[in-house]
Amino acid sequence: MMHARVRASAAALTTAALTAVAALALTGCGGGGEEDGGGPGLADVKGNWVATESGGTKSLAIGNGKVMVAEQYQFCTGDISEDDGLKLIVDDCRGGKPPTRTSGTVVDGSGRKSLTIEWADGAKETFEPAKDQIERAG
């Protein structure tokens with residue numbers, strides 16, 4: 001029970017810290033979008049997301065051409081390309097080991113209820129809005 005509470009608190013803290021940094025660093029508007037008939041556009045996925053798969057928590061912030069990823073003592077940043085789909089390129093990391101996933105494509109935005117990324121290594125991760133995760137942890 002205590003471990004679950006500590007993990008939930010750590011997830012909420014990581015998410016809250018990432019949200020604060022993202023709010024300062026990521027501004028602007030995106031174009032395109034699922035309503036245009038293509039895949040999700042930047043406007044569809046802009047914001048703060050959390051995945052709790054594989055026993056860990058990964059926080060993702062997407063903004064005006066930039067992406068930030070935080071997980072287990074590691075903080076990475078990169079760029080977003082809207083050429084030929086929405087692609088994330090994570091290339092600058094601080095703390096811990098090198099990133100396990102350095103590039104991926106957003107394959108589903110599901111109306112801002114979830115975000116699925118297919119990484120170059122074939123793995124898929126599904127993220128939920130960070131706000132939903134913080135409310136559950138609280």
Side-chain angles (χ1 to χ4, degrees):
M1 176 76 168
M2 181 63 165
H3 293 292
R5 199 174 295 169
V6 169
R7 278 194 303 267
S9 295
L13 181 58
T14 298
T15 301
L18 185 58
T19 300
V21 170
L24 293 172
L26 305 175
T27 59
C29 297
E34 290 177 305
E35 62 276 356
D36 295 340
L42 185 56
D44 300 314
V45 301
K46 186 176 161 187
N48 301 299
W49 302 87
V50 177
T52 55
E53 299 169 358
S54 305
T57 300
K58 182 179 284 187
S59 299
L60 177 72
I62 297 175
N64 190 27
K66 299 291 181 188
V67 61
M68 289 188 267
V69 182
E71 73 177 309
Q72 296 186 350
Y73 309 109
Q74 186 178 45
F75 182 81
C76 302
T77 59
D79 297 307
I80 298 173
S81 168
E82 290 188 84
D83 298 333
D84 194 30
L86 196 57
K87 301 199 183 309
L88 311 178
I89 295 96
V90 178
D91 56 6
D92 184 21
C93 293
R94 304 280 190 265
K97 57 188 181 209
T100 55
R101 301 206 164 77
T102 56
S103 67
T105 301
V106 177
V107 294
D108 184 17
S110 293
R112 306 223 18 104
K113 293 183 188 334
S114 69
L115 173 68
T116 302
I117 298 173
E118 185 172 343
W119 297 99
D121 66 3
K124 283 187 180 180
E125 284 182 303
T126 300
F127 293 79
E128 295 179 3
K131 178 182 160 219
D132 295 348
Q133 290 287 335
I134 291 172
E135 288 171 358
R136 276 193 287 242

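As the structure is a prediction and not an experimental result, all values here were calculated from the model. The analysis underlying the following values was restricted to heavy atoms, covering all of them including side chains, and did not include hydrogens, waters or symmetry mates.
Heavy atoms only, all atoms of each residue included: Pro129 and Lys113 are closest at CD-O, 3.2 Å. The two residues Ala61 and Asn48 make their nearest non-hydrogen contact at CB-OD1, 3.3 Å. Across all non-hydrogen atoms, the minimal contact from Ser103 to Trp119 is O-CE3, 3.2 Å. What you find for Val90 and Cys76 is that their closest heavy atoms are CG1-CB, 3.3 Å. Heavy atoms only, all atoms of each residue included: Asn64 and Leu42 are closest at CA-CD2, 4.2 Å.
Leu86 has its side chain out of reach of Asp44: every pair of non-hydrogen atoms, C-beta onward, lies at least 4.5 Å apart. No side-chain heavy atom of Glu128 sits under 4.5 Å from any side-chain heavy atom of Val50. Proximity of Lys66 to Thr77: side-chain heavy atoms (C-beta onward) are nowhere separated by under 4.5 Å. For the pair Trp49 and Ser59, the minimum side-chain heavy-atom distance is 4.5 Å or more.
Note that the CG atom of Asp84 and the OG1 atom of Thr105 stand 8.0 Å from one another [nearest 0.5 Å]. For the atom pair Ile80 CD1 and Ile89 CD1, the distance stands at 8.5 Å (nearest 0.5 Å). A distance of 14.5 Å separates NZ in Lys87 from CG in Asp79, rounded to the nearest 0.5 Å. Here the straight-line distance linking atom OG of Ser114 with atom CZ of Phe127 works out to 11.0 Å at 0.5 Å rounding. Taken from CG in Asp108 to CD in Glu118, the straight-line distance is 11.5 Å, to the nearest 0.5 Å.
For Asp121, the CG atom sits in a packed shell: over 12 heavy atoms of surrounding residues, nucleotides or ligands are nearer than 6.0 Å.
No side-chain donor from either of Thr57 and Thr52 sits under 3.5 Å from a side-chain acceptor of the other.
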